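First the structure, in the form of structure tokens, and then the observations on it.
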Amino acid sequence: MSDLTFNALDGAVRRRRTFAIISHPDAGKTTLTEKLLLFSGAIQIAGSVKARKATRHATSDWMEIEKQRGISVASSVMQMEYRDCVINLLDTPGHQDFSEDTYRVLTAVDAALMVIDAANGVEPQTRRLLQVCRARNTPILTFVNKMDREVKEPLNLMDEIERELGMTVVPFTWPVGMGKVFHGVMDLREQQMRVFSPGEDRAGKDDEILAGLDNPAYAQRFGMQYEQAQGEIELVREAAPAFDMAEFLAGRQTPMFFGSAVNNFGVREVLDALVDLAPAPGSRPALQREVQPAEPKFTGVVFKIQANMDPAHRDRIAFVRVASGHFERGMRLKVVRSGKELRPNTVVSFLSQRRELLDEAFAGDIIGIPNHGVLQLGDTLTEGESLQFTGLPFFAPEMFRMVEVADPLKTKQLKAGLQQLGEEGAIQVFRPVAGSVLMLGAVGQLQFEVVAHRLEHEYGCKARIQPCRFSIARWVTCDDADGGDKELQRFIDGNSHRMAYDAVNAPTLLVEYAPELRAIETNWPKIKFHALREHAGLVFQKRLGD
């Protein structure tokens, strides 16, 4: 237990800001992540997210396949300090095939920064991610990127965001021109103009700042682009509501910023707004009670597991969101699911793949605990109290494949690799009750490609990914009042040819067609069929005696 006073704990919590960056693929999310790190002083030179053969890559893209394809396929965590605040920044995959990873990351943050491609506006993955944020009432800031290209009119973008996402937009900055005649942004809060100057290695300290929004010199210098922007600003001021902190914190209102992340332009305004507006860590619900961040005792939840961040050491890192209290290296922690005790001495903080040993952490911080299978997704860590945090989603997969090893001598590596990747949540792995061929379940095709690549390059076994007849999965349970364990076991025995166990031994029904599922549901009224499970199989494992 920490010996810090309540005031000291509360002060440390108030300094924290924990947020995720979300967007559709290619909106510039990972580039913006790099530039936020650059502006905070966390890195000195930003990696470039472009050519496959580039010598630099985004700091947050550490997997070999990410460097080859120029995309993010795993969430990454970075911690930095800016203006006396400790910022925990989580970069998420934009591609919809990795949406499960993103959904789980969104359970660990207190705010989100939404990146919109100014040429494409609101895109499908943005809508999906916003639904998750809205369900959790997550406050959202909006950054409209790529203003140095030919893009949609800002008023049209503003209208599209409001219409498509159901949020009121309050512009904090406004662009003067676009594309080749992009002159900069008006900062409506600070009543000044930041003049655009291209260059991706600038940190913005040398930007030209002009005082006032209606300086007579603007018209002569920036011509019709300024006159158009001035008219739009007047219109927006009359039509748009004033910024309301309560509406923002409830996820119903979003401050909007314009810029060009690749040119480091408009980034500082976003970073300042995150510090000024994003909430400090708040209370978090557990099944037993509400946990307050400034409570003296430590609690935390595992929201992500990543294997082989350091290929030389075959490590597995559990990412833990601190929910309350004061973490100190070497303290005794209880894994509530298993009852096991941990005394982690090599806990780390992150700047993506770079890591530093950590001595202490507070609510809102993301810490990494190296472990070998002791921790699972959704695990709650405490100083002894039996708590279970809720809300970590696992979705029934929509695509299935069978997997076999190309070289039978590598069977051990295949099983070890799939077990770790399944625990990590990169893919869902199913062991059939009848039969020996493992099955993979995923949201999208790209997940299978990434798993095959990682099995070959991280575990040294080439896998054959083959078609599978199943297309629907449902986790199954049975209440004690309906016969509990015996009825569930009777169901498993009676459907053994289409039953499997997942990475946490949760029994899963696999079927080919929806009518088949409906018939089984009718024939087994006492069995419950779930398209979603919320945590690391706590109920399932107790029931199965695992």
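Only a predicted model underlies this, so the values are computations on that prediction, with no experimental measurement involved.
Of the possible donor and acceptor atoms, one in the side chain of E160 sits under 3.5 Å from a partner among the backbone N and O of V122. A distance-only check finds a donor-acceptor pair linking the side chain of T254 to the backbone of I140 [under 3.5 Å]. In this structure a side-chain-to-backbone donor-acceptor pair under 3.5 Å is missing from R252 to M167.
With respect to the salt-bridge test (charged N to carboxylate O, under 4.0 angstrom), the residues E269 and R194 qualify. Comment: E81 engages R15 in a salt bridge, judged by a side-chain N to carboxylate O separation of less than 4.0 angstrom.
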Quick one: do R268 and D272 satisfy salt bridge (charged side-chain N to carboxylate O under 4.0 Å, His left out)? Show the steps, please. CA-CA 6 Å; R268 188 175 298 281; D272 283 332; 5.7 Å; no
Determine, step by step, whether T168 and F248 satisfy the side-chain contact (heavy atoms from CB on, under 4.5 Å) criterion, reporting the C-alpha distance in whole Å, the side-chain angles of both residues, the deciding distance to 0.1 Å, and the verdict. CA-CA 9 Å; T168 304; F248 164 66; over 6 Å; no
Candidate pair E164 and R127, rule salt bridge (charged side-chain N to carboxylate O under 4.0 Å, His left out), full reasoning: CA-CA 8 Å; E164 292 270 359; R127 293 188 196 98; 2.7 Å; yes
Under the criterion side-chain contact (heavy atoms from CB on, under 4.5 Å), I'd like the reasoning laid out for V336 against L381: C-alpha separation, chi angles, the key distance, then a yes or no. CA-CA 6 Å; V336 174; L381 299 174; over 6 Å; no
Any chance you could lay out the side-chain contact (heavy atoms from CB on, under 4.5 Å) test for M186 and M193, step after step, and finish with the verdict? CA-CA 4 Å; M186 296 287 191; M193 178 177 177; 3.7 Å; yes
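Only one option out of D365, D110, D379 pairs with R321 in a salt bridge (charged side-chain N to carboxylate O under 4.0 Å, His left out); it is D110.
If you look at H326 and F362, their ring centroids are closer than 6.0 Å.
Using a 4.5 Å heavy-atom cutoff, the side chains of L106 and C133 are in contact. With contacts defined as side-chain heavy-atom distances shorter than 4.5 Å, the pair T18/L90 qualifies.
In this structure, F196 and F265 have perpendicular ring planes: the angle between them is above 60°, well past the 30° mark. Ring-plane geometry between F258 and W174 is classed as perpendicular, the angle between the planes exceeding 60 degrees on a 0 to 90 degree scale with a lower cut at 30.
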